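Basis for what follows: all heavy atoms, side chains included, without hydrogens, waters or symmetry-related copies. These figures come from a predicted structure and were not determined experimentally.
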Amino acid sequence: MEELLERLLEECRPYAQQGRVADYIPELSKARPDTLGVYVIGSDGKHSWAGDCRQPFTLQSIVKPILLLQALLDNGVEGVQSRVGMEATGKPFDAINASDQSLDSGHINPMVNMGAIVMCSLIHGDSYAERFQRLLELTRRLAGDGEVGVDEAVYRSEKSHGSKNRALAYLLKSYGLLEGDVEEVLDCYFRACSIQVDCRSLAHIGAVLSNRGRLPVSNQRIFPSGLARYVNAILMTCGMYDGSGEFAIRVGVPAKSGVSGDIMAVVPTRMGIGIYSPALDGKGNSIAGIQLLERLSKELFLSIF
């Protein structure tokens, strides 16, 4: 496996030159665009890796399936579905015009910014500090790393340049779709996006989802299998922003991307995959990362279709 990963990594490294590092969050613009790493954790517990797989980066939108999972654990499927829908919007992740109709919960899903902000408001706790801490603890368990924490520099950058997310949150509030103090909800969201991980962490999260809620190796269950099916289905249809349909054809597995250049992929019953390459396409997805995943999928027949 490691020989395969090394070969695919070298084949895909030139694609990083075709993209651009995200700069609307200034701290993210400091990333080196030629960075590329991959980590795989199989259902047998075997770890394989290549490239810059231990380079730290922030989750950004890959926190969204974790937010969804926490909201499902706290509120159940019906409670979550009463607040957000499950259909792909076909629009960019930060789109304000999610629908031409009057905004309601059916017009947003948990993988776009509006939906993720709503998810933050559904986490249980007496304060937003407690709510975020519960989310962080779940992230640590999923990532298999008790040291996972927040990149404070990215958090400050997110918060000081988050005008569009503020607009989205106040729009949600105006339509009665967001409860609680808007700024507190946003602070939880900015902190959540700024949780720092590496490719191994992403692969471990993917491995838990591929194992339907059980940790690799120990097989300890940390959430019900039905919730894994729910999250994986949402990832399949909505996880790669408005490029999810093309990704389903080219790669064919549930996955989530983030604008830091990270991708977390789930191959049900087989493996979790974590990739980092910060140069993005126009939809906010890692160019070299998708190329690497496509090649890996073809080599190992990973597509679920």
Where the side chain of Ser157 meets the backbone of Glu27, is there a donor-acceptor pair that is under 3.5 Å apart?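 Such a contact is found between Ser157 side chain and Glu27 backbone.
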Listing request: all salt bridge (charged side-chain N to carboxylate O under 4.0 Å, His left out) pairs with a residue in [range], at least two apart in sequence or in separate chains.
range: residues 253-272; value: none
range: residues 206-216; value: none
range: residues 141-156; value: Glu152-Arg191

Sequence neighbours excluded, which residues qualify as side-chain hydrogen bond (donor to acceptor under 3.5 Å, both in side chains) partners of [X]?
X: Gln17; answer: none
X: Ser194; answer: none
X: Arg200; answer: none
X: Arg32; answer: Asp34

Only distances under 3.5 Å count here; give the side-chain donor-acceptor pairs of residues 118-126 to other protein atoms, sequence neighbours excluded, each with its distance to 0.1 Å.
| from | atom 1 | to | atom 2 | distance (Å) |
| --- | --- | --- | --- | --- |
| Ser121 | OG | Val118 | O | 2.6 |
| His124 | NE2 | Asp74 | O | 3.3 |
| His124 | NE2 | Asn75 | OD1 | 3.3 |

Quick one: list whatever passes side-chain contact (heavy atoms from CB on, under 4.5 Å) with Asp44, sequence neighbours left out.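 Listed in chain order: Lys46.
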With sequence neighbours excluded, residues passing side-chain contact (heavy atoms from CB on, under 4.5 Å) with Glu11: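 For Glu11 the side-chain contact (heavy atoms from CB on, under 4.5 Å) partners, ignoring immediate neighbours, are Arg7, Leu8, Arg295.
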Which residues share a salt bridge (charged side-chain N to carboxylate O under 4.0 Å, His left out) with Asp198, sequence neighbours left out: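 By the salt bridge (charged side-chain N to carboxylate O under 4.0 Å, His left out) rule, Asp198 matches Arg54.
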Any heavy-atom pair between the side chains of Val150 and Phe132 that's under 4.5 Å?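 Phe132 reaches Val150 side chain to side chain.
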Would Ser257 and Asn285 count as having a side-chain donor-acceptor pair, cut-off 3.5 Å?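 A donor-acceptor contact under 3.5 Å links the two side chains.
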Please determine, by modelled atom types, if Asn113 and Lys164 share a side-chain donor-acceptor pair under 3.5 angstrom.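 No donor-acceptor contact under 3.5 Å links the two side chains.
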Pairwise distance CG(Leu186) to CD(Glu183) - rounded to 0.5 angstrom: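 Output value for this atom pair is 5.5 Å.
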Per the ring-ring contact (aromatic ring centres under 6.0 Å, His included) rule, what does the pair list look like for residues 39-80, sequence neighbours excluded?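 Qualifying pairs: Tyr39-His47, Tyr39-Trp49, Phe57-Tyr276.
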Within the supplied structure, the quantity of interest is the number of heavy atoms (other residues, nucleotides, ligands) at a distance under 6.0 Å from Phe301 CZ; does it exceed 12?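 Open.
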With side chain to side chain contact (heavy atoms under 4.5 Å, CB included) as the test, pick out the partner of Met271 among Asn211, Val253, Val266, Leu302.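 Output: one option passes, namely Leu302.
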